[in-house]
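Notes to accompany the following structure.
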Amino acid sequence: MVIVLGSIIYDEERNEFEVTRFIGSGNFGTVYEIRKRLDGSLFALKTLQTPFAEQTALKAFVNEGTLATKISHRNVIRYLYFHDGSVFQGLPPYIIMELANGGTLFQLLESRKSNSQMFSNAELKELFLQLIDGMEAINSLLV
């Protein structure tokens with residue numbers, strides 16, 4: 001099954017989430033906004049773009065889902081649940097994660113660029129420190 005708008009997916013406690021909005025896609029993943037039916041809270045869902053993903057993409061996705069749920073850091077998006085495709089029959093592998101409503105770093109950079117707004121040294125320092133802290137948290141798990 002391919003996940004589309006309106007699809008219902010589940011977390012490890014079998015809470016229902018409805019796919020409500022397409023957010024974007026990358027090299028091998030598609031990201032949607034999902035709404036938890038119990039309380040209306042919003043999260044992000046990342047899934048493979050096709051149920052027939054090549055082995056390299058599938059392996060990378062499984063690796064991301066397995067490792068990322070172990071990271072807890074203020075500068076890293078929190079991954080809440082990884083479905084490897086075996087628990088909920090008929091649903092492909094997916095990851096439920098914290099929704100970053102503020103947009104991406106790329107969007108911030110593009111916005112500043114299109115408005116010809118420069119970052120101050122203090123803003124750049126803060127951005128770089130957050131990136132470093134987040135990458136250190138991620139890398140500490142990979143070592």
Side-chain angles (χ1 to χ4, degrees), residues 1-85 87-88 91-143:
M1 175 182 157
V2 175
I3 294 176
V4 296
L5 294 179
S7 293
I8 303 298
I9 58 103
Y10 308 89
D11 66 10
E12 65 188 332
E13 296 165 354
R14 298 194 179 270
N15 289 305
E16 291 185 354
F17 297 78
E18 181 179 357
V19 179
T20 56
R21 180 175 63 94
F22 172 78
I23 294 176
S25 59
N27 290 337
F28 59 84
T30 302
V31 180
Y32 297 95
E33 176 187 271
I34 57 175
R35 181 180 311 278
K36 189 173 184 179
R37 285 190 159 177
L38 183 66
D39 61 11
S41 54
L42 298 176
F43 297 89
L45 171 80
K46 183 176 185 179
T47 188
L48 296 174
Q49 291 179 344
T50 173
F52 306 108
E54 61 184 57
Q55 278 305 110
T56 305
L58 180 59
K59 186 176 179 179
F61 190 79
V62 169
N63 188 45
E64 175 185 355
T66 303
L67 292 175
T69 56
K70 299 174 184 174
I71 299 171
S72 178
H73 189 275
R74 70 184 178 279
N75 294 330
V76 178
I77 292 288
R78 191 168 48 103
Y79 282 50
L80 305 169
Y81 175 67
F82 171 60
H83 176 255
D84 65 6
V87 176
F88 302 109
L91 290 175
Y94 59 81
I95 301 167
I96 298 175
M97 63 184 81
E98 178 180 26
L99 179 66
N101 272 335
T104 66
L105 176 58
F106 179 76
Q107 290 168 330
L108 173 64
L109 295 173
E110 286 298 305
S111 172
R112 289 287 185 104
K113 181 179 172 183
S114 67
N115 293 321
S116 299
Q117 292 178 313
M118 301 292 283
F119 286 95
S120 70
N121 287 342
E123 288 173 317
L124 288 173
K125 181 180 177 183
E126 182 59 29
L127 286 173
F128 284 120
L129 290 175
Q130 289 178 29
L131 286 168
I132 291 166
D133 283 349
M135 290 306 299
E136 283 179 344
I138 293 167
N139 287 331
S140 71
L141 181 68
L142 301 178
V143 173

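Both backbone and side-chain heavy atoms feed into the values below; hydrogens, waters and symmetry mates do not. For reference, positions follow the sequence shown, starting with 1.
When side chains are defined from C-beta on, Ile3 counts as touching Pro92, because their heavy atoms get closer than 4.5 Å. You'll find the side chain of Phe88 reaches within 4.5 Å of the side chain of Tyr94, heavy atoms only. Using a 4.5 Å heavy-atom threshold, the side chains of Tyr32 and Thr47 count as touching. At a threshold of 4.5 Å between non-hydrogen side-chain atoms, the residues Leu91 and Tyr10 count as touching. Contact annotation: the side chain of Ile71 approaches that of Ile138 to within less than 4.5 Å [non-hydrogen atoms, C-beta and beyond]. Ile9 places none of its side-chain heavy atoms less than 4.5 Å from the side chain of His83.
For residues 65-78, every residue pair satisfying the salt bridge (Lys or Arg N to Asp or Glu O under 4.0 Å) rule, not counting sequence neighbours, is listed here: Arg74-Asp133. Identified under the side chain to side chain donor-acceptor pair (under 3.5 Å) test for residues 33-45, with sequence neighbours left out: Glu16-Arg37, Thr20-Glu33, Arg21-Glu33, Asp39-Ser41. The stretch residues 91-120 participates, sequence neighbours left out, in these salt bridge (Lys or Arg N to Asp or Glu O under 4.0 Å) pairs: Arg112-Glu123.
Nearest heavy atom pair, residue Gly65 against residue Ile95, reads CA-CD1, 3.8 Å.
Considering CG of Leu99 and CG of Leu45, their distance stands at 11.0 Å, rounded to 0.5 Å. Expressed to the nearest 0.5 Å, how far CG of Leu129 lies from CG of Asn75 amounts to 9.5 Å. Distance NE2/His73 to CD/Gln130: 10.0 Å, rounded to 0.5 Å.
The salt bridge (Lys or Arg N to Asp or Glu O under 4.0 Å) search around Glu64 returns Lys46, not counting sequence neighbours. With sequence neighbours left out, Phe119 forms a ring pair (Phe, Tyr, Trp, His ring centres under 6.0 Å) with no residue at all. Scanning for ring pair (Phe, Tyr, Trp, His ring centres under 6.0 Å) contacts around Phe82 gives an empty result, with sequence neighbours left out.
Side-chain atoms of Ser114 come within 3.5 Å of backbone N or O of Ser111 as a donor-acceptor pair.
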